[in-house]
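For reference, positions follow the sequence shown, starting with 1. These numbers come from a predicted model, not from an experiment.
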Amino acid sequence: MDIGTEFAVELSRVSRRWRTRLDERLKHTGLTQARWVVLLQLSKFGAAPQRELADRISVEGPTLVRTLDKLEELGLVTRRACEDDRRVKFIHLTPQAEPVIAEITRIADELRLEILADIPIGELDQAWRTLKTVGDRLENL
């Protein structure tokens, strides 16, 4: 296998395993991976149109609708019609989501620190720059 192939395979493995480990540690919250990913996206970028949110987390619209239905049922998000186009729904976090997001963030930070412990900052910086380049190229395809 050439280095490009090995890089792609390893990147996929790391991504899956990282999310799996985080999902295991968040199990006590009762949130599925699909749900906590939505909450983290909204906490990072703020309210978003439903279609844009689906694109950001790389899911189809109907899949996101089911996730949002459950998050709304749990009182963690609300859907509000856009003033300019009532067909467009903006997704907003509720105040009840704040402690849940704080818990998700705390656990995610702990995991990140554990995984990256003892890796020199220069190596992390180089790895980040490489991943950023790859991610930007994927976005532009």
If you draw a 6.0 Å radius around [atom1] in [X], do more than 12 non-hydrogen atoms from other residues or ligands fall strictly inside?
X   : atom1 : answer
E6  : CD    : yes
E24 : CD    : yes
R79 : CZ    : yes

Cluster companions of F7 among Ile, Leu, Val, Met, Phe, Trp, Tyr (side-chain spacing under 4.5 Å):
L11, L131, V134, L138, L141

Is it possible for you to say whether W18 and L124 belong to one hydrophobic cluster, with membership spreading through side-chain heavy-atom contacts below 4.5 Å?
yes

Are I119 and I115 co-members of a hydrophobic cluster defined by side-chain heavy atoms under 4.5 Å apart?
yes

Side chains of [X] and [Y]: closer than 4.5 Å at any heavy-atom pair?
X    : Y    : value
W36  : T32  : no
T63  : R66  : yes
R129 : T133 : no
V59  : V37  : no
I91  : R80  : no
F90  : T78  : no
R17  : R13  : yes

Looking only at heavy atoms, which two atoms of [X] and [Y] are closest? And how far apart?
X    : Y   : answer
Q96  : G75 : CB-O, 3.5 Å
L53  : A48 : CB-CB, 4.5 Å
G30  : R35 : O-NH1, 3.9 Å
I57  : L64 : CD1-CD1, 3.9 Å
L76  : A97 : O-CB, 3.4 Å
I101 : L39 : CD1-O, 3.9 Å

One thing to verify: whether [Y] and [X] come together as a salt bridge, which I'm taking to mean a side-chain N less than 4.0 angstrom from a carboxylate O.
X    : Y    : answer
K27  : D23  : no
R25  : E114 : yes
R51  : D55  : no
D109 : R112 : yes

E103 CD to L31 CG distance, which is reported to the nearest 0.5 Å
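That separation rounds to 10.0 Å.
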
Kindly compute the distance separating CG (L22) from CD (Q33), expressed to the nearest 0.5 Å.
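So the CG of L22 and the CD of Q33 are separated by 8.0 Å.
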
For residues [X] and [Y], is any side-chain donor paired with an opposing acceptor at under 3.5 Å?
X    : Y    : result
S15  : R19  : no
T5   : D2   : yes
Q126 : T130 : yes

Using the rule given for side chain to side chain contact (heavy atoms under 4.5 Å, CB included), can you reason through T94 versus E72, listing the C-alpha separation, both sets of side-chain angles and the distance that settles it, and then say yes or no?
CA-CA 9 Å; T94 66; E72 200 166 35; over 6 Å; no

